[in-house]
There are 2 protein chains.
Amino acid sequence: MGRRTVSRRRGEELEQAILDAVWDEFQEVGFLRLTFEGVAKRAGTSKPVLYRRWSSRVEMMMACAVSRMPRPDSIPDTGSLRGDIVALLTLMRSRLRIIGQTAMLALLAEASNDPELRQKFFRAVVNHLLDLLDMAVWGRAIDRGEIRGEQLTERLRRLPIDLVRNEFLLFGDLTDEVVASIVDEVVLPALRDRGASV
Amino acid sequence: MGRRTVSRRRGEELEQAILDAVWDEFQEVGFLRLTFEGVAKRAGTSKPVLYRRWSSRVEMMMACAVSRMPRPDSIPDTGSLRGDIVALLTLMRSRLRIIGQTAMLALLAEASNDPELRQKFFRAVVNHLLDLLDMAVWGRAIDRGEIRGEQLTERLRRLPIDLVRNEFLLFGDLTDEVVASIVDEVVLPALRDRGASV
DNA sequence: ATCCGTAAGATACGGACCGTATCTTGTTGG
DNA sequence: CCAACAAGATACGGTCCGTATCTTACGGAT
């Protein structure tokens, strides 16, 4: 912590030390009280070093969060649409847990004001899951014959993620029961009504 | 603005003047840059007067928002479940528009940290709509025979509001098409699959 | 009509943090 | 081995915080 050594870190080593400090500070004081000064002190460096990398708290926090999020290329094939959806939502939960409700809301709040930041946010947090959902869930279900591609409107396509996100932003915790009710009481019924055999 | 008069406002008159100032300041600089000092200056008063009423930006903003939100006791009976849902979601939109995406996210972010504030937030923003939905939408649909009460799980009950909220928090704007797709591609199908005749 | 309690309004404060400029000094690539 | 570059330290003016202190208008009670 109190970096008093002679040696001067650079490049990767410094970068990682800073990101670790951001994370520790975040865990300790939460995003709303995360400050450049606090992070600099904890990382044993100074504010200008941080400002050379990120122009705001939000960008710094996003870089930190992204570096800690699992980004698998796919999810295991469970053999059924229901199982695959649950598996994807479980991955989503593990990612949301890392950021936490408050930080996620605050990030979204600041990003909602800044188109550039907003784009970064979507790329980092939203799009990856949607891609996985398309490839590893809907794709397989179509191959299995559980659903037909034409049934999948844009809204249905996003539905599982939308519902879990809402639950998380509003309540902050996601139990297995919540995920199950989303899948069994909304997602699958909505698909069935359009002719799916699930 | 530059309150230089001799007269000294009190009670209701002062309260309203302050809330108006909060609103104007909010419109001009947004919630993220809303400050006690800015509001005090605009209202022609001083910080202590504000702190005597609210202990934080968030509480102040919430009081302001609540005072400007329409809170009808009911919504018109359109004759069909679909029409009633759309009517309720339209009311919801008009309320969300008042607060705005950024402010809503920021309020939620700060409320998510503070149980007391969180409760206030839910009472002011969430519960009223849910009650309306129960009474004026599901209630009527059951009376009409469109759905049966047993079909309505807790999740389905909240579904329309959840989906609109998600859309608003993520994208900030709610078009008629979005509301229509929510109702026609998710809510009604999910109900139908459970035996509703809608 | 007057008195008194209450709250308005003004001012000032230490403190946190911002965002930037300046400077020194390791480190590293050529 | 040297020059360029970035790390790291320090300091600055500025904004806003949250609170304490003080004066003074108002409004209700006698």
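Below, read A as the first sequence line, B as the second, and so on, with proteins coming before strands; counting in each chain starts at 1.
- Nearest-nucleotide positions on DNA chain C place A:Thr35 closer to the 5' end than the other of A:Thr35 and A:Arg52.
- B:His128 contributes no side-chain N or O that, together with a main-chain N or O of B:Asp73, makes up a donor-acceptor pair within less than 3.5 Å.
- If you take CD of B:Glu12 and P of C:dA8, they are 12 Å apart, rounded to a whole angstrom.
- The nearest whole Å value for the distance from the CD atom in B:Glu15 to the C1' atom in C:dA8 is 13 Å.
- Here the nucleotide nearest the side chain of B:Pro48, chosen from C:dA10, C:dA8, D:dC17, is C:dA10.
- The CD1-P distance, from B:Ile18 to C:dA7, rounds to 14 Å in whole Å.
- Of the two residues contacting DNA chain D, namely A:Glu37 and B:Arg33, the nearest-nucleotide position lying further toward the 5' end is that of A:Glu37.
- The NZ atom of A:Lys47 sits 10 Å away from the P atom of C:dC17 (whole-angstrom rounding).
- Nucleotide D:dG18 holds its P atom 4 Å from the OH atom of B:Tyr51, rounded to whole Å.
- Considering only side-chain N and O atoms, B:Thr45 lies nowhere under 4.0 angstrom from the phosphate OP1 or OP2 of C:dA8.
- Ring pair B:Phe122/A:Phe171 is tilted by interplanar angle, where 30° to 60° counts as tilted.
- No salt bridge links A:Arg42 with A:Asp20; every basic N to acidic carboxylate O contact stays at or beyond 4.0 Å.
- Atom CG in A:Leu32 sits about 16 Å away from atom C1' in C:dA16, given to the nearest Å.
- Counting to the nearest Å, the P atom of D:dA6 and the CG atom of A:Leu14 are 12 Å from each other.
- An OP1 or OP2 oxygen of C:dA10 is reached within less than 4.0 angstrom by no side-chain nitrogen or oxygen of B:Ser46.
- With a 6.0 Å cutoff to the six-membered ring centre and a 45° limit on the axis angle, A:Arg57 does not count as a cation-pi contact of A:Phe36.
- Atoms CG (B:Leu50) and P (C:dA10) sit 12 Å apart, rounded to a whole Å.
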